[in-house]
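Before any comments, here is the structure.
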Amino acid sequence: MTDFASQGQTQPFNVCDLQNCRTHQSVYTCLSRGSTLDGTIIVQAFDSNKLTGGIAGSLRQKFRELELLDEITKLRYLGRIPPHVIGITRNELIHLFRCWKGETFVPKTIHSAIKWSNKNPFPLNPVTVDSLWTLIKQSKADADASKQAAMKRDTGNFVVAKGTQALNNVSNAATDQSIKRKHSMEEDEIDNTLKEKGIPWDKDNWSCAYDSMLTILLSMYIECSKTWKTEASSQSNVFLKLEQVYQQSPCTLPTMTVVQARNHIRDMLGCENPELAARGKTYTDVYE
């Protein structure tokens with residue numbers, strides 16, 4: 001397993017080959033996967049310079065700039081920065097701040113590993129000018145032509161199957177329209193069956209737990225009816241009873257409202273466990 005794939009995992013027995021790690025970040029990732037020192041195994045020797053040789057210059061500069069931004073934020077909150085120290089980009093803001101404070105200024109809280117000095121300088125970078133953005137407008141005719149070209153497929157290099165006739169091009173226009181029409185019909189059908197947007201709450205006999213669970217299960221029954229009948233209904237007697245009730249709900253036959261279906265299921269569960277399905281202003285745990 002690579003260091004990338006192991007991120008987020010905890011291994012009681014963590015076997016590491018640190019010699020193949022490219023950076024100190026990779027070494028850290030590998031070693032930190034182990035939950036104990038005794039369970040960490042390093043299979044061979046490795047180059048210690050990956051841990052003691054220092055970080056790359058670009059990464060060091062990034063950490064230094066973050067420290068300067070932290071200092072700028074603190075001083076701005078305290079009202080100790082002049083108005084001209086302001087910038088749209090990080091590069092511009094840090095440049096103006098260092099011009100004001102001096103190139104040798106180092107925040108007091110900075111770690112010694114990234115601190116700069118005359119022997120280990122941190123040069124003042126010039127302000128970088130961003131490239132100007134240009135919005136390319138496409139005419140309607142060009143857009144329509146591009147769309148038509150994308151919908152067609154050149155069949156010049158296709159090998160014709162025996163007994164068939166080659167087509168000059170293949171268009172997905174009709175297929176796309178039929179798919180959109182099919183999806184639209186399915187969405188309308190589901191919307192019509194869920195006009196109530198959930199089951200109304202019974203304020204006299206608190207029904208929060210039943211409303212939340214039965215609304216979800218009703219949606220599953222409507223959208224995945226085939227899977228429900230082959231898998232869910234065989235899991236328990238409760239799911240089988242749910243299927244029997246849902247078959248009479250508004251999504252199939254207008255003989256029972258969703259409120260009546262909820263109360264019916266609640267009564268059935270009450271016969272098996274009266275305390276769990278008690279009526280009145282009492283709570284019921286969804287988990288139970």
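Residues: numbered from 1 along the sequence shown.
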So which heavy atom on [X] is nearest to which on [Y], and how close?
X      : Y      : value
Trp116 : Pro107 : CH2-CD, 3.9 Å
Cys21  : Val27  : CB-CG2, 3.7 Å
Thr29  : Ser32  : O-OG, 3.2 Å
Leu18  : Cys30  : CD2-CB, 4.0 Å
Leu93  : Gly87  : CD1-N, 3.9 Å
Glu92  : Ile86  : OE2-O, 4.3 Å

Expected output: side-chain [X] to main-chain [Y] donor-acceptor under 3.5 Å:
X      : Y      : value
Ser26  : Thr23  : no
Lys115 : Asn120 : no
Glu103 : Arg98  : no
Arg60  : Ala113 : no

How about [X]: does its [atom1] atom have over 12 heavy atoms from other parts shown lying under 6.0 Å from it?
X     : atom1 : result
Leu78 : CG    : yes
His84 : NE2   : yes
Phe63 : CZ    : no

Atom [atom1] of [X] and atom [atom2] of [Y]: how far apart are they, to the nearest 0.5 Å?
X      : Y      : atom1 : atom2 : value
Arg90  : Thr128 : CZ    : OG1   : 11.0 Å
Asn14  : Asp38  : CG    : CG    : 13.0 Å
Leu75  : Asp70  : CG    : CG    : 9.5 Å
Arg33  : Thr40  : CZ    : OG1   : 11.0 Å
Lys101 : Leu68  : NZ    : CG    : 11.0 Å
Thr2   : Asn20  : OG1   : CG    : 11.5 Å

Assess whether side chain to side chain contact (heavy atoms under 4.5 Å, CB included) is satisfied between Gln9 and Met1, documenting all intermediate values.
CA-CA 11 Å; Gln9 299 188 21; Met1 180 183 297; 3.8 Å; yes
Check: After noting the C-alpha distance and the side-chain angles of Ile81 and Trp100, does the key distance pass the side chain to side chain contact (heavy atoms under 4.5 Å, CB included) rule?
Finding: CA-CA 9 Å; Ile81 289 185; Trp100 170 59; 4.2 Å; yes
(message) Side chains of Glu65 and Asn125, heavy atoms from C-beta outward: is any pair under 4.5 Å?
(response)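 SC-SC contact between Glu65 and Asn125 confirmed.
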Path from [X] to [Y] over hydrophobic side-chain contacts below 4.5 Å:
X      : Y      : result
Ile114 : Leu66  : yes
Val85  : Leu124 : no
Val127 : Leu69  : no
Ile42  : Phe13  : no

_Derivation of the side chain to side chain contact (heavy atoms under 4.5 Å, CB included) call for Phe105 and Phe97_ = CA-CA 10 Å; Phe105 170 77; Phe97 177 77; 3.9 Å; yes
Query - Ion pair Glu71/Lys74, N-O distance below 4.0 Å - result: yes
Could you go through Arg64 and Glu67, starting from their C-alpha distance and side-chain angles, then the distance that decides it, and tell me whether this counts as salt bridge (Lys or Arg N to Asp or Glu O under 4.0 Å)? CA-CA 5 Å; Arg64 288 174 171 176; Glu67 292 292 337; over 6 Å; no
Take Phe46 and Leu51 through the side chain to side chain contact (heavy atoms under 4.5 Å, CB included) test and state the conclusion after the steps.
CA-CA 10 Å; Phe46 62 93; Leu51 300 177; 4.1 Å; yes
